[in-house]
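Below: the structure, in structure tokens.
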Amino acid sequence: IFVNNCASCHGENLEGTSGPALDTIGSSMSQDEILEQIKNGGPGMPPAIIQGEEAKSVAEWLSEQK
């Protein structure tokens with residue numbers, strides 16, 4: 001899911017490209033905060049690129065990146 005929808009901006013290894021690095025995002029954001037960011041978007045990030053269970057799965061996985 002991440003590779004197909006997020007990696008073009010955040011990098012396949014979470015290193016960041018046009019979007020910020022996410023390799024330690026779980027240290028600064030909770031799973032719920034990450035899910036809200038996915039749903040609502042943010043500076044330079046469009047909302048709802050992924051939705052539903054896929055968004056929840058990605059948020060859970062990213063929250064483990066510390």
Side-chain angles (χ1 to χ4, degrees):
I1 299 167
F2 181 87
V3 169
N4 291 332
N5 297 284
C6 313
S8 63
C9 292
H10 295 287
E12 287 191 25
N13 297 308
L14 309 177
E15 72 277 12
T17 57
S18 61
L22 300 176
D23 56 340
T24 60
I25 193 66
S27 296
S28 60
M29 293 179 77
S30 70
Q31 181 176 337
D32 289 338
E33 291 170 326
I34 295 168
L35 184 57
E36 285 302 309
Q37 184 79 33
I38 292 169
K39 287 181 180 179
N40 300 322
M45 181 176 165
I49 292 174
I50 51 177
Q51 299 177 17
E53 289 302 314
E54 287 187 342
K56 288 179 185 177
S57 293
V58 170
E60 179 180 7
W61 176 69
L62 286 173
S63 71
E64 297 167 357
Q65 307 306 308
K66 300 190 182 204

- Trace of the side-chain contact (heavy atoms from CB on, under 4.5 Å) decision for V58 with L35: CA-CA 8 Å; V58 170; L35 184 57; over 6 Å; no
How long is the span from the [atom1] atom in [X] to the [atom2] atom in [Y], to the nearest 0.5 Å?
{"X": "E33", "Y": "S63", "atom1": "CD", "atom2": "OG", "answer": "10.5 Å"}
{"X": "I38", "Y": "N5", "atom1": "CD1", "atom2": "CG", "answer": "10.0 Å"}
{"X": "L62", "Y": "S57", "atom1": "CG", "atom2": "OG", "answer": "11.0 Å"}
{"X": "E60", "Y": "D32", "atom1": "CD", "atom2": "CG", "answer": "11.0 Å"}
{"X": "K39", "Y": "I34", "atom1": "NZ", "atom2": "CD1", "answer": "13.0 Å"}

I need the minimum non-hydrogen distance between [X] and [Y], along with the two atoms involved.
{"X": "V3", "Y": "A7", "result": "O-CB, 3.6 Å"}
{"X": "Q37", "Y": "G42", "result": "NE2-CA, 3.5 Å"}
{"X": "Q31", "Y": "K56", "result": "NE2-O, 4.2 Å"}
{"X": "S8", "Y": "S18", "result": "O-OG, 4.4 Å"}

- Message: As a quick check of understanding, evaluate side-chain contact (heavy atoms from CB on, under 4.5 Å) for H10 and T17, giving each step before the final call.
- Response: CA-CA 5 Å; H10 295 287; T17 57; 6.0 Å; no
- Under the side-chain contact (heavy atoms from CB on, under 4.5 Å) criterion, do I1 and W61 qualify, and how do the steps go? CA-CA 11 Å; I1 299 167; W61 176 69; over 6 Å; no
- Message: For residues L22 and I50: do they belong to one hydrophobic cluster (side chain heavy atoms under 4.5 Å, members Ile, Leu, Val, Met, Phe, Trp, Tyr)?
- Response: yes
- Message: Is it the case that the side chain of E15 and the backbone of N13 share a donor-acceptor pair, with hydrogens and angles ignored and the cut-off at 3.5 Å?
- Response: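 Side chain of E15 to backbone of N13: a pair is present.
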- Message: For E12, is the CD atom crowded, meaning more than 12 foreign heavy atoms sit under 6.0 Å from it?
- Response: no
- Task: Kindly indicate whether the side chain of I25, heavy atoms from C-beta on, has any atom under 4.5 Å from the side chain of L14.
- Result: no
- Task: Apply side-chain contact (heavy atoms from CB on, under 4.5 Å) to K66 and T24, showing your working.
- Result: CA-CA 4 Å; K66 300 190 182 204; T24 60; 5.8 Å; no
